[in-house]
Amino acid sequence: MPELPEVEIIARSLQEGTNEFPGLPGQMITEVEVFWGRTLEHPSPRRFKKRIVGQVITNIRRRGKFIVIELSVDTMLFHPRMSGDLRLGRSDQELGKHVRLAIHTDAGYQLAFNNPRKFGRVWLLENPNTVLDKLGPEPLDPEFSLETFYKSLVQRKRQIKPLLLDQGFIAGLGNIYADEALHLAKIHPFTRSNNLLEVQARDLFNGIQAVLLEGIRRNGASIDWVYQGGDFQNYFRVYQRTGEPCPECNTPIARIVVGQRGTHICSTCQILPG
DNA sequence: AGGGAAACCCGAACGC
DNA sequence: TGCGTTCGGGTTTCCC
């Protein structure tokens with residue numbers, strides 16, 4: 001087995017092309033510590049422990065915002081929500097002040113789910129597709145085409161921003177990425193999806209991919225003490241830049257609320273039709 | 001069908 | 001200094 005680093009913080013979203021942790025596949029689960037029971041969405045802590053011990057980790061991947069850890073029999077799903085991360089270290093290390101679940105292996109390692117806000121959830125399922133099949137397409141999947149995207153936009157009649165955040169419509173976009181993509185595409189977040197022109201759909205399609213790729217390249221964003229990642233926050237165009245100049249036209253960025261979510265726009269670049 | 005509100009959390013950052 | 005209030009992130013659930 002390759003040597004593991006002291007502590008590896010597994011990215012909030014597994015990066016494309018790096019969705020593996022050297023050495024972890026092949027290790028057998030020997031012990032589970034549940035520090036906060038409600039972390040487990042399914043099954044109960046007792047059943048979780050009983051069922052998972054003895055299973056071997058076979059593969060790790062990502063689908064939408066879920067980290068998917070395949071075992072010899074079942075599959076574990078981790079959803080960090082906004083404040084969680086998955087940490088890999090030696091069994092005897094303390095991997096965080098807010099570890100809610102720790103899974104130890106026969107190789108002396110532990111996988112710890114650190115989750116200060118207690119919003120993150122974990123599932124152990126025989127068939128993970130009961131959850132994952134509800135997700136929309138992966139925006140970076142080569143199968144995901146502009147044609148598909150445009151058709152799916154037009155057949156709904158929703159405000160575009162809440163639609164982008166709907167994981168059943170498209171998987172993986174959060175508040176930061178939705179705001180950034182809409183600004184790149186010069187689309188107002190209130191715009192009805194069925195009113196989007198084909199060229200706007202194209203710009204949005206490209207904007208979504210561009211902003212995701214940049215986020216991945218910069219290892220994500222760090223926007224408060226609990227949401228630590230890379231340095232993408234230094235390159236935001238609109239998100240949390242209220243009052244600062246739009247990178248395109250210098251108009252001060254405005255903050256509005258759309259679908260109960262803080263939303264950042266340039267009122268010059270992003271015009272609501274009609 | 002779509003949208004609004006509330007609930008789940010808790011530490012930081014504020015106001016007084 | 002301390003105490004109370006507000007805020008935000010993603011998702012589900014309930015209600016209009």
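Proteins come first, then strands; the chains are lettered A, B, ... in the order of their sequence lines, and each starts at number 1.
- Side-chain contact annotation: A/Lys97 with A/Asn114, donor-acceptor N/O pair under 3.5 Å absent.
- A/Glu70 pairs with exactly one of A/Arg62, A/Arg63, A/Arg61 by the salt bridge (Lys or Arg N to Asp or Glu O under 4.0 Å) rule, that one being A/Arg61.
- Side chain of A/Gln110 to backbone of A/Ala102: no donor-acceptor contact under 3.5 angstrom is found.
- Side-chain atoms of A/Arg87 come within 3.5 Å of backbone N or O of A/Leu95 as a donor-acceptor pair.
- Contacts between residues 113-133 of chain A and DNA chain B, defined by a heavy-atom separation below 4.0 Å, involve A/Pro116, A/Arg117, A/Lys118, A/Phe119, listed by number.
- Every side chain to side chain contact (heavy atoms under 4.5 Å, CB included) that A/Asp106 has, sequence neighbours left out, goes to A/Gln27, A/Met28, A/Thr30.
- Partners of A/Tyr150 under the ring pair (Phe, Tyr, Trp, His ring centres under 6.0 Å) rule, at least two apart in sequence or in another chain, do not exist in this structure.
- With sequence neighbours excluded, no residue satisfies side chain to side chain contact (heavy atoms under 4.5 Å, CB included) with A/Pro252.
- One atom, NZ of A/Lys65, and another, C1' of C/dT11, lie 9 Å apart when rounded to the nearest Å.
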Polar atoms only, N or O, under 3.5 Å: list the protein pairs with nucleotides 12-16 of chain C and their distances.
none

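- Between the P atom of C/dG8 and the CD1 atom of A/Ile256 lies a distance of 14 Å, rounded to the nearest Å.
- Between the CD atom in A/Glu214 and the CZ atom in A/Phe232 there is a gap of 4.5 Å [rounded to 0.5 Å].
- Taking NZ from A/Lys118 and CZ from A/Arg100, the interatomic distance works out to 5.0 Å, rounded to the nearest 0.5 Å.
- The residue A/Arg192 sits close only to the backbone: its heavy atoms come under 4.0 Å of sugar-phosphate atoms, none of a base.
- Contacts between residues 166-178 of chain A and DNA chain C, counted as heavy-atom distances below 4.0 Å, involve A/Gln167, A/Gly174, A/Asn175.
- Each end of the helix from B/dG2-C/dC16 to B/dC16-C/dG2 gets its own axis from five base pairs, and the two axes differ in direction by 60°, given to 10 degrees.
- Every pair passing salt bridge (charged side-chain N to carboxylate O under 4.0 Å, His left out) that includes a residue from residues 145-160 of chain A is listed here, sequence neighbours excluded: A/Glu147-A/Lys151, A/Arg158-A/Asp166.
- A/Asp74 is linked by a salt bridge (Lys or Arg N to Asp or Glu O under 4.0 Å) to A/Arg51, counting only residues two or more places apart in sequence or in another chain.
- For A/Phe119, the ring pair (Phe, Tyr, Trp, His ring centres under 6.0 Å) criterion is met by no residue, not counting sequence neighbours.
- Between the A/Gln233 side chain and the A/Ala221 main chain, no donor and acceptor come within less than 3.5 Å of each other.
- If you walk DNA chain B from 5' to 3' and mark each nucleotide with an atom closer than 4.0 Å to a heavy atom of chain A, the marks span B/dG2 to B/dA12.
- Note on ring orientation: taking the six-membered ring where Trp is involved, the planes of A/Phe149 and A/Phe205 are tilted (angle from 30° to 60°).
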Using atom types as modelled, flag every donor-acceptor pair under 3.5 Å from a side chain in residues 35-47 of chain A to any protein atom, sequence neighbours excluded.
| residue | atom | partner | partner atom | Å |
| --- | --- | --- | --- | --- |
| A/Thr39 | OG1 | A/Trp36 | O | 2.9 |
| A/Glu41 | OE1 | A/Arg121 | NE | 3.4 |
| A/Ser44 | OG | A/Arg47 | N | 3.4 |

